[in-house]
Trainee: 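Here's a structure for you.
Small disclaimer: the values here were computed from a predicted structure and weren't measured. As a basis for the values below, the full set of heavy atoms in this structure was taken, side chains included, without hydrogen atoms, waters or symmetry mates. Note that the numbering runs from 1 along the sequence shown for the chain.
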Amino acid sequence: MKEERIAENIIGEFNKCIEDAWLNQPEDIKRMLAFNDETNRNFAVALYANGFFDNNAEALYSYYLFAKAGKGDFETFQNIVVHYLEYLSSTTKTDYHMIDVGELLSKCANVFRGIDNYEQAVQLLLSVQKYFVRLFYWADLAMPWSAVSDTYNRMKPIQKKVLEGGSLGQ
């Protein structure tokens, strides 16, 4: 019963973060952009964060579907997911300077370690996955898509020439 309450608490934390992020840019996204603005690396970091959150939202959804099916050895599945959540926690903190996200994922990994069944795993994984979708949304908004599109369109004639066997010097 205690583990269920703890799992409900962490799900509640994720749900609050998801709700807050509907209209408000998460502080960690602001922090990530501010940190990398100093080194003029915002474009690269926003691009990588965009892919990171998109790809991992997909992976988390796969884990969610596996848990929902409820088949296979639960302890093995649990160990794999705990390791994965710990990796996500570390990466968000070190690579993206998203301390709040990393701490929440670390708490989630610890809670996941103590759950007993696939039903609890489904609830936890769904909340983490939804949060990653929301973070992807904000990382995507940080991208200068208009400028990227303009640059791409300016480069298309050069690309066409190269693909047709020409060289840039001709």
Trainee: Should we say atom CG of Asn40 is surrounded by more than 12 heavy atoms from elsewhere, each under 6.0 Å from it?
Mentor: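 At most 12 heavy atoms, drawn from other residues, nucleotides or ligands, come within 6.0 Å of this atom.
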Trainee: Determine whether Tyr64 and Gln129 make a side-chain contact, defined as any pair of heavy atoms from C-beta on separated by less than 4.5 Å.
Mentor: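 No, every pair of side-chain atoms sits at 4.5 Å or beyond.
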Trainee: Going by atom types only, do Trp145 and Asp140 share a side-chain donor-acceptor pair under 3.5 Å?
Mentor: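 Yes, a side-chain donor-acceptor pair sits under 3.5 Å.
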Trainee: Using modelled atom types only, decide if a donor and an acceptor are shared between the side chain of Trp138 and the backbone of Ala21 within a distance under 3.5 Å.
Mentor: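 The answer is yes, because a donor-acceptor pair under 3.5 Å joins these two groups.
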Trainee: For Asn56 and Ala59, indicate whether the former's side chain and the latter's backbone hold a donor-acceptor pair under 3.5 Å.
Mentor: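 No, the answer is negative, given that no donor and acceptor are paired below the 3.5 Å cut-off.
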Trainee: Membership question, hydrophobic clusters at under 4.5 Å side-chain separation (ILVMFWY): are Leu135 and Trp22 in the same one?
Mentor: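 Both belong to a single hydrophobic cluster.
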Trainee: State the CD-CZ distance between Glu86 and Phe112, to the nearest 0.5 angstrom.
Mentor: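 Between atom CD of Glu86 and atom CZ of Phe112 there are 12.0 Å.
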Trainee: Between Asn55 and Gly51, is there a donor-acceptor pair closer than 3.5 Å when you use the side chain of the first and the backbone of the second?
Mentor: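 Indeed, once roles are kept as given, a pair shorter than 3.5 Å links the two residues.
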Trainee: When you check the gap from the basic side-chain N to the acidic O, do Arg154 and Asp150 get nearer than 4.0 Å?
Mentor: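 Not counted as a salt bridge, because no side-chain N and carboxylate O are separated by less than 4.0 Å.
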Trainee: With the side chain counted from C-beta on, respond yes when Met98 and Glu103 share a heavy-atom pair under 4.5 Å apart, and no when they do not.
Mentor: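 Met98 does not reach Glu103 side chain to side chain.
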Trainee: If you measure from CD on Glu8 to CD on Gln120, what distance do you get to the nearest 0.5 Å?
Mentor: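 Reported to 0.5 Å precision, the distance equals 9.0 Å.
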Trainee: Out of Leu125, Leu85, Val81, which one pairs with Cys108 under the side-chain contact (heavy atoms from CB on, under 4.5 Å) rule?
Mentor: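 The residue from Leu125, Leu85, Val81 that satisfies side-chain contact (heavy atoms from CB on, under 4.5 Å) with Cys108 turns out to be Leu85.
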Trainee: Out of curiosity, does Tyr84 fall in the hydrophobic cluster containing Val133 (side-chain heavy atoms, cut-off under 4.5 Å, transitive links)?
Mentor: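 In one cluster: no.
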Trainee: Using every non-hydrogen atom in the two residues, find where Ala139 and Ile29 come nearest and quote the distance to one decimal.
Mentor: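 In this case the closest contact between Ala139 and Ile29 is N-CD1, 4.2 Å.
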Trainee: Looking only at atom types and distance, does a side-chain atom of Ser127 sit under 3.5 Å from a main-chain N or O of Leu124, one as donor and one as acceptor?
Mentor: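 Side chain of Ser127 to backbone of Leu124: a pair is present.
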Trainee: Taking only Lys NZ, Arg NE, NH1 and NH2, and the carboxylate oxygens of Asp or Glu, determine whether Glu27 and Lys30 approach each other closer than 4.0 Å.
Mentor: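 Counted as a salt bridge, because a side-chain N and a carboxylate O are separated by less than 4.0 Å.
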Trainee: Does some side-chain heavy atom of Phe132 sit less than 4.5 Å from a side-chain heavy atom of Leu105?
Mentor: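 A side-chain contact exists here, since the closest heavy-atom pair is under 4.5 Å.
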Trainee: Do Asp100 side-chain atoms and Asp28 backbone N/O form a donor-acceptor pair below 3.5 Å?
Mentor: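 No: the side chain of Asp100 does not pair with the backbone of Asp28.
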Trainee: Do other residues, nucleotides or ligands put more than 12 heavy atoms under 6.0 Å from the OH atom of Tyr61?
Mentor: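 No.
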Trainee: Could you tell me whether Glu58 atom CD has more than 12 heavy atoms of other residues or ligands within 6.0 Å of it?
Mentor: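 Check fails, neighbour count at 12 or below.
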Trainee: What's the shortest heavy-atom distance between Lys107 and Glu13, and which atoms?
Mentor: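 For Lys107 versus Glu13, the nearest heavy atoms are NZ-OE1, 2.9 Å.
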Trainee: How long is the gap from CZ on Phe52 to CG on Asp54, to the nearest 0.5 Å?
Mentor: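 The distance works out to 11.5 Å.
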Trainee: Using modelled atom types only, decide if a donor and an acceptor are shared between the side chain of Gln78 and the backbone of Ile115 within a distance under 3.5 Å.
Mentor: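 Here the side-chain-to-backbone pair exists.
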Trainee: How about Tyr96 and Val101: do any of their side-chain heavy atoms sit closer than 4.5 Å?
Mentor: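 Of all side-chain heavy-atom pairs linking Val101 with Tyr96, none is under 4.5 Å.
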Trainee: Short question: side chain of Thr91, backbone of Tyr87 - any donor-acceptor pair under 3.5 Å?
Mentor: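 Judged by distance alone, yes, a pair lies under 3.5 Å.
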Trainee: Does Ile11 share a hydrophobic cluster with Leu126, counting links as ILVMFWY side-chain heavy atoms below 4.5 Å and allowing steps through other members?
Mentor: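 As far as the 4.5 Å side-chain criterion goes, Leu126 and Ile11 are connected within one cluster.
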Trainee: Is it the case that Arg134 places NZ or CZ above or below the six-membered ring of Tyr131, under 6.0 angstrom from the centre and within 45 degrees of the axis?
Mentor: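 Verdict for Tyr131: no cation-pi partner in Arg134.
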Trainee: Report the C-alpha separation of Glu19 and Lys130 in whole Å, then their side-chain angles, then the decisive distance to 0.1 Å, and conclude whether the salt bridge (charged side-chain N to carboxylate O under 4.0 Å, His left out) test is met.
Mentor: CA-CA 10 Å; Glu19 185 178 320; Lys130 284 180 177 180; over 6 Å; no
Trainee: Is it true that Tyr137 and Leu60 fall in one hydrophobic cluster, defined by side-chain heavy atoms closer than 4.5 Å?
Mentor: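 Yes, Tyr137 connects to Leu60 through the hydrophobic network.
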Trainee: Measure the CE-CG distance between Met143 and Asn50 for me, rounded to the nearest 0.5 Å.
Mentor: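 The CE atom of Met143 sits 6.0 Å away from the CG atom of Asn50.
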Trainee: To the nearest 0.5 Å, what is the distance between CG (Asn117) and CD (Gln123)?
Mentor: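 It is 8.5 Å, given to the nearest 0.5 Å.
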Trainee: Indicate yes or no for a side-chain donor-acceptor contact from Asn79 to the backbone of Glu75 under 3.5 Å, with no hydrogens or angles considered.
Mentor: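 The answer is yes, because a donor-acceptor pair under 3.5 Å joins these two groups.
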Trainee: I'd like to know if the side chain of Thr92 reaches the main chain of Leu88, judged simply by a donor and an acceptor atom lying under 3.5 Å from each other, with no hydrogens or angles considered.
Mentor: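 The answer is yes, because a donor-acceptor pair under 3.5 Å joins these two groups.
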Trainee: Salt-bridge test for Glu119 and Lys68: reply yes if a basic N is under 4.0 Å from a carboxylate O, no otherwise.
Mentor: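 Salt bridge flag = no for Lys68 with Glu119.
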Trainee: Quick one, Phe43 and Val148 - any side-chain contact, counting heavy atoms below 4.5 Å?
Mentor: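 Yes. Closest side-chain heavy atoms under 4.5 Å.
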Trainee: Answer whether the closest heavy-atom distance between the side chains of Pro26 and Asp20 falls below 4.5 Å.
Mentor: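 No, too far: nothing below the 4.5 Å cut-off.
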Trainee: For a 4.5 angstrom cut-off between non-hydrogen side-chain atoms, does Tyr63 reach Ile80?
Mentor: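 Yes, at least one pair of side-chain atoms sits under 4.5 Å.
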Trainee: Could you pull out the closest heavy-atom pair between Ser89 and Gly102, with the gap in Å?
Mentor: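 Minimum heavy-atom contact is OG-O, 2.7 Å.
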Trainee: Can you tell me if Asn153 uses its side chain to pair, donor with acceptor, with the backbone of Ser149 under 3.5 Å?
Mentor: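 Answer holds: yes.
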Trainee: Quick one: do Lys161 and Lys156 satisfy side-chain contact (heavy atoms from CB on, under 4.5 Å)? Show the steps, please.
Mentor: CA-CA 9 Å; Lys161 188 175 184 179; Lys156 281 185 353 188; over 6 Å; no
Trainee: Check for me whether the distance between the ring centres of Tyr118 and Phe77 falls short of 6.0 Å.
Mentor: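 Judged by ring-centre distance (under 6.0 Å), Tyr118 and Phe77 do meet the cut-off.
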